[in-house]
Amino acid sequence: MPSFQTSPGTRDILPPQAGRWRAFTAQFADIVESAGYECIIPPMFEDLGVFLRLGDATDVVTKEMYDFEDKGGRRIALRPEHTAGICRSFAQHRPTTPWKVWYSGSNFRYEKAQAGRFRQFDQVGIEVLGSTDPLLDVEVITMGWQFFESLGLRNVVLMINSLGDPEDRAAYIEALRVYLESHAEKLSEESRATLQRNPLRVLDSKRVQDKPIIDAAPTIAQFLSDDAKAHFEKVKAGLTALGVQYSVNEGLVRGLDYYQRTVFEYVSTSLDSAQTAVGGGGRYDGLVEDLGGPATPGVGFALGIDRTLLACDSEEVFLLGAPQLDAFIVDVVDGMTALRLADELRAAGFAVDRAYDGRSMKSQMKVADRSGARVAIIIGSDEAEAGNCTVRNLMTSEQSLVLQTEVVTHLASIVGERNPRRNTQ
RNA sequence: GUGGGCGUAGCUCAGUUGGUUAGAGCGCCAGGUUGUGGUCCUGGAGGCCGGGGGUUCGAGACCCCUCGUCCACCCCA
């Protein structure tokens, strides 16, 4: 056993898996940038107060925060999610609205790790600040939906709900609390405890014992104001207009306190672990104001990279392609020709690797084979003397002698033209 | 935070009711005559059997503690 290992709940994303992560965020960026979202990179830690707005009844705030005091005596927390930090950023810089941003990065929550759940976990997401338009909700929800589609996922379902305006929500919570308390003796012990902290969360219980009581509970729909109702209707109409399949789930309440009106969740039906939500979001119209900014509506979502890739694994989509090297240089003389040719070919735009440590030709050829390169460029003593090299196509095993000065054009004739990376004149 | 399963080579795992120098496959390295990969053959390197304590003449196997990991609850992406 080595002296040090990754801390609990963290892990190394090694190659080639890390390449898949990069492709994942690249694909996400491509889709949302096509809709005018721009990249934002907020800090990984902020004043603790920024995140306390997520809700003092939420586990994220009460037990999962990675907080500490820095050397200057400030109360700091590693971000448990991106939304609050982005709202703080908006309040601080006051960009023109609507402000459409996307992000990708790690979050931190002090939880016990299990399948699809880590202490350091990565998300991609978008946020829009400055508009209450329900058709913006539609755009946001659709972005996520289309991204899952672009990955090749077919077994993702979209659930939506409306939590109404703050007053609606408060009235509903009170009604729910009264109802649940009147049936408390039939609830599981865990749900009774949850009821004390946050009645909404009882609706999320997975225990069969609670199901009949939850099924018969009052629903939020009866408490929605006319405005909130109209908003929700327009969201549904918009989704239908775009052909986005959704189902209304009145038990969908989301974990953070700042949500109001539209909330939604993407759930993978091909995951058999406990964590099947691959993404979620909603509207948080009061959050910027809570953080000391101007009253500004907002809506957004976050997608879990781990869980989404887990879903990709189980649907066997978005699989990793082998890394593509154009050429691998084998030099059994002194390595100097490999040094020069590799530099020249890389400058010309090719992806080129080589062997080191002057190993035997057989050994270097094995490395060339493993590298996945399409051709091997071989320099033995004969070639070194004649100023040429043997170019071997590793797929077809055809090979020919080529002058070293013509390697660039010869390689282009096999693997195709490339755009130069550097001007070598 | 609570409960359960599991920790033996880089990876996946064997290791009989406790009994000599702890094994396999894959991977890695080196060879298989003179300069050529994938297949095949041969050899090699690599383990304080997660850590600590205990029981025993003797522990990888049994007991306790601890750490890690996986799964579930909780919660959430």
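Numbered from 1 within each chain, the chains take letters A, B, ... in sequence-line order. Basis for what follows: all heavy atoms, side chains included, without hydrogens, waters or symmetry-related copies.
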Which part of the nucleic acid, if any, lies within contact of [X], taking any heavy atom under 4.0 Å across all strands shown: a base, the sugar-phosphate backbone alone, or nothing?
X: A:Gln364; result: nothing
X: A:Leu303; result: nothing
X: A:Ser273; result: sugar-phosphate
X: A:Gly125; result: nothing
X: A:Phe301; result: nothing
X: A:Val278; result: sugar-phosphate
X: A:Asn107; result: nothing
X: A:Lys362; result: base
X: A:Ala368; result: nothing

Legend entry - Pair A:Arg79 + A:Glu46: basic N to acidic O under 4.0 Å: no

Legend entry - Donor-acceptor under 3.5 Å (A:Arg283 side chain, A:Thr262 main chain): no

Nucleotide nearest [X] (side chain, heavy atoms from C-beta), chosen from [options]:
X: A:Glu111; options: B:G3, B:A30, B:C75; answer: B:C75
X: A:Pro8; options: B:G68, B:A77, B:G35; answer: B:G68
X: A:Thr390; options: B:U36, B:U69, B:C71; answer: B:U36
X: A:Leu256; options: B:A77, B:U36, B:A30; answer: B:A77
X: A:Arg117; options: B:G31, B:C73, B:U36; answer: B:C73

Legend entry - CD on A:Glu149 to OG1 on A:Thr142, rounded to 0.5 Å: 10.0 Å

Inset, instruction - Quick one: pull up CD1 in A:Ile40 and NZ in A:Lys100 and give me the separation to the nearest 0.5 Å. - result: 15.0 Å

Legend entry - Trace of the salt bridge (charged side-chain N to carboxylate O under 4.0 Å, His left out) decision for A:Asp165 with A:Arg261: CA-CA 6 Å; A:Asp165 291 316; A:Arg261 296 206 171 183; 2.7 Å; yes

What is the distance, rounded to the nearest whole Å, between atom [atom1] of [X] and atom [atom2] of [N]?
X: A:Leu271; N: B:A72; atom1: CG; atom2: P; answer: 11 Å
X: A:Arg370; N: B:C28; atom1: CZ; atom2: C1'; answer: 8 Å
X: A:Arg109; N: B:A77; atom1: CZ; atom2: P; answer: 5 Å
X: A:Asp369; N: B:U36; atom1: CG; atom2: P; answer: 15 Å
X: A:Met365; N: B:A30; atom1: CE; atom2: P; answer: 15 Å
X: A:Gln17; N: B:C11; atom1: CD; atom2: P; answer: 17 Å
X: A:Arg307; N: B:C75; atom1: CZ; atom2: P; answer: 14 Å
X: A:Phe118; N: B:U69; atom1: CZ; atom2: C1'; answer: 11 Å

Hey, does the side-chain of [X] have a donor or acceptor N/O within less than 3.5 Å of a partner on the base of [N]?
X: A:Ser397; N: B:G38; result: yes
X: A:Glu383; N: B:G35; result: yes
X: A:Ser360; N: B:G35; result: no
X: A:Gln275; N: B:A72; result: no

Legend entry - Heavy-atom check, side chain of A:Leu163 versus side chain of A:Tyr172, under 4.5 Å: no

Inset, instruction - Could you give me the CA-CA distance, side-chain angles and deciding distance for A:Thr337 and A:Gln404, then say whether side chain to side chain donor-acceptor pair (under 3.5 Å) is met? - result: CA-CA 9 Å; A:Thr337 309; A:Gln404 288 175 20; 4.6 Å; no

Inset, instruction - Please state whether the rings of A:His82 and A:Tyr103 are parallel, tilted or perpendicular, taking 30° and 60° as the class boundaries. - result: parallel

For [N] versus [M], give the span between their [atom1] atoms, rounded off to a whole number of Å.
N: B:G7; M: B:G51; atom1: C1'; answer: 11 Å
N: B:U8; M: B:G15; atom1: C1'; answer: 9 Å
N: B:C65; M: B:G58; atom1: P; answer: 23 Å

Inset, instruction - Would you jot down, in residue-number order, the residues of residues 18-30 of chain A having a non-hydrogen atom under 4.0 Å from RNA chain B? - result: none

Legend entry - Row check, A:Phe108 ring normal vs A:Arg119 NZ/CZ: under 6.0 Å, within 45°: no

Inset, instruction - Give a yes/no answer on whether the side chain of A:Ser363 brings an N or O atom under 4.0 Å of OP1 or OP2 in B:A30. - result: yes

Inset, instruction - Report yes if at least one side-chain N or O of A:Gln114 is closer than 4.0 Å to OP1 or OP2 of B:A72; otherwise report no. - result: yes

Legend entry - Dot-bracket line, read 5' to 3' along RNA chain B, where crossing pairs take [ ] and | marks a partner on another strand, Watson-Crick or G-U under 3.5 Å: (((((((..((((.....[...)))).(((((.......))))).....(((((..]....))))))))))))....

Inset, instruction - Evaluate the side chain to side chain contact (heavy atoms under 4.5 Å, CB included) criterion for residues A:Val32 and A:Val124: first the C-alpha distance (whole Å), next the side-chain angles of each, then the deciding distance (0.1 Å), finally the verdict. - result: CA-CA 11 Å; A:Val32 297; A:Val124 295; over 6 Å; no

Legend entry - All side-chain hydrogen bond (donor to acceptor under 3.5 Å, both in side chains) counterparts of A:Tyr37, not counting sequence neighbours: A:Glu139

Legend entry - Ring centroid separation A:Tyr66 to A:Phe68 under 6.0 Å: no

